[in-house]
Amino acid sequence: MRVTLPENGGIGAEITGLKITSVSAEQIASIKDLVYAHKLVIFREQSLSADEYLAFACKVGRPQTYFQPRYHLPSYPEIFVSANVPQDGKKVGVSGTGRYWHTDYQFFAEPLPLTMVYPQQLPRARRETYYIDMENVYRRLPDDLRKRIAHASFVHEGRWRYKIAPEDIDRALIDIFEQMGKEVPAVVHPAVIEHPVTGRKSLYASEGFTTGVVGASHEESKTLLNRLFQFIAQEQHIYTHAYRDGDILFWDNRPLLHKASTVPKGEPSVNYRIGVYDDLPFYLTQERLPERMTS
Ligand code: 7UC
Ligand code: FE
């Protein structure tokens with residue numbers, strides 16, 4: 001296994017010459033060190049079946065089952081499918097997921113620490129995933145913003161991103177919205193999180209799921225969050241991964257936001273994701289237990 005480290009200050013360690021099907025326990029340990037240190041790991045030249053892919057995820061950690069079964073690959077509940085191509089004449093998974101800045105499961109009390117994606121079919125014209133290093137963003141925040149959020153907690157919600165399913169036909173949006181609020185109730189996390197392995201601080205907010213500031217009025221929340229979202233999404237903060245066939249990406253959701261590219265009309269796209277728990281806390285909480293939510 002050969003490792004190419006990112007340039008100074010960048011993200012993404014590249015691994016070549018590794019046969020994932022015969023990875024050793026030592027190599028798994030190095031891969032995990034790399035993902036915590038460099039946030040993103042890129043495995044090149046892989047060719048795995050669904051079984052082999054899942055077996056690899058099991059060696060790295062504990063695979064997640066996404067809370068909505070319509071995202072599952074039939075007979076592989078751990079594989080989350082983002083696809084616009086039917087399999088055996090049937091729709092599989094959901095098309096066009098995560099095309100906004102977010103981290104996975106940010107709207108759960110226990111967010112997803114690690115994500116793997118393995119594209120099965122890439123569109124010809126645009127083959128990219130975008131990342132933002134939120135440790136870097138936190139360091140670069142203007143002083144007034146950093147002070148304002150130092151001890152703040154943010155509210156995160158999944159229900160605004162719920163995708164209408166066939167069984168929603170004839171239902172009112174307000175009823176669907178209310179039900180989703182019960183299934184995935186709003187959660188609170190500190191605005192600044194500390195990494196359990198590296199101890200580094202990140203801003204933990206995204207335009208995809210972060211909807212409020214605990215204790216602030218609606219107006220004040222919107223103003224502060226919009227200012228943060230604009231600061232975060234600056235061109236200079238964005239890292240673009242351009243895929244080659246055979247790439248598997250593996251990243252740490254604690255310090256990274258990510259966003260899927262849009263697929264040009266008429267082009268096929270199939271991506272298999274496996275979420276992996278490392279059974280470490282998502283963030284350290286000694287001093288900053290989330291405050292009580294106010295409505
Ligand atoms: O369809 C999607 O964009 C999926 C999103 C609501 N959730 C992905 C996750 O793990 O947070
Ligand atoms: Fe995602």
Side-chain angles (χ1 to χ4, degrees), residues 11 35 39-42 57 61-73 76-85 91-120 127-134 154-168 176-177 179-187 189 193 202 204-211 232-233 238-241 243 247-263 269-278 282:
I11 64 163
V35 85
K39 299 160 194 166
L40 169 67
V41 172
I42 301 141
R62 190 163 50 84
Q64 171 195 63
T65 296
Y66 195 73
F67 79 106
Q68 290 177 284
R70 61 192 284 255
Y71 285 78
H72 301 177
L73 183 64
Y76 293 89
E78 301 90 346
I79 299 182
F80 166 115
V81 185
S82 181
N84 63 7
V85 179
K91 177 173 165 60
V92 183
V94 171
S95 79
T97 65
R99 291 172 174 170
Y100 41 82
W101 291 113
H102 69 286
T103 76
D104 294 331
Y105 259 46
Q106 188 167 28
F107 51 92
F108 275 74
E110 197 190 339
L112 180 67
L114 304 172
T115 299
M116 279 181 196
V117 297
Y118 183 18
Q120 307 291 299
R127 309 149 62 96
E128 294 172 342
T129 296
Y130 313 104
Y131 295 90
I132 292 178
D133 179 347
M134 297 295 276
F154 291 158
V155 180
H156 310 268
E157 290 179 87
R159 63 177 173 170
W160 297 92
R161 301 281 170 187
Y162 175 77
K163 306 257 172 72
I164 298 301
E167 61 268 25
D168 295 322
I176 297 172
F177 194 64
Q179 185 199 329
M180 285 317 291
K182 283 184 189 137
E183 259 178 57
V184 278
V187 299
H189 295 295
I193 59 169
S202 295
Y204 193 58
S206 75
E207 86 192 350
F209 296 132
T210 310
T211 55
I232 292 167
I238 302 174
Y239 170 91
T240 299
H241 174 76
Y243 286 95
D247 282 358
I248 294 180
L249 264 52
F250 176 45
W251 70 84
D252 186 350
N253 280 299
R254 298 171 175 104
L256 289 186
L257 294 188
H258 64 279
K259 173 173 154 170
S261 58
T262 52
V263 174
S269 170
V270 179
N271 204 336
Y272 284 4
R273 155 181 143 183
I274 303 181
V276 180
Y277 292 104
D278 55 12
F282 195 81

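This one's a predicted model, so the numbers in the text were calculated from it and none came from an experiment. Order of appearance sets the numbers: ligands from 1, and atoms from 1 within every ligand.
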Subject >> Angular separation of D104 OD1 and H258 NE2 about the Fe ion (ligand 2), given to 10° >> reply: 90°
Subject >> Within the 6.0 Å centroid threshold, strictly below: Y243 and H241 >> reply: yes
Subject >> Partner residues of N271 under the side-chain hydrogen bond (donor to acceptor under 3.5 Å, both in side chains) criterion, sequence neighbours left out >> reply: none
Original post:
Is there side-chain contact between D104 and H258, with heavy atoms separated by less than 4.5 Å?
Top reply: yes
Tabulate distances under 3.5 Å between N/O atoms of ligand 1 and N/O atoms of the protein, writing both atom names on each line.
| residue | atom | partner | partner atom | Å |
| --- | --- | --- | --- | --- |
| ligand 1 | 1 (O) | Y71 | OH | 2.6 |
| ligand 1 | 1 (O) | K163 | NZ | 2.6 |
| ligand 1 | 3 (O) | G98 | N | 2.9 |
| ligand 1 | 3 (O) | Y100 | OH | 2.6 |
| ligand 1 | 3 (O) | K163 | NZ | 3.4 |
| ligand 1 | 7 (N) | Y66 | OH | 2.8 |
| ligand 1 | 10 (O) | Y105 | N | 3.3 |
| ligand 1 | 10 (O) | R273 | NH1 | 3.1 |
| ligand 1 | 10 (O) | R273 | NH2 | 2.8 |
| ligand 1 | 11 (O) | Y105 | N | 2.8 |

Subject >> Non-hydrogen side-chain atoms of E78 and R62 separated by less than 4.5 Å >> reply: no
Subject >> Shortest non-hydrogen contact between R254 and I193, atoms and distance >> reply: O-CD1, 3.6 Å
**OP:** Apply side-chain contact (heavy atoms from CB on, under 4.5 Å) to the pair F250 and M116, showing each step before the final yes or no.
**Re:** CA-CA 4 Å; F250 176 45; M116 279 181 196; 3.5 Å; yes
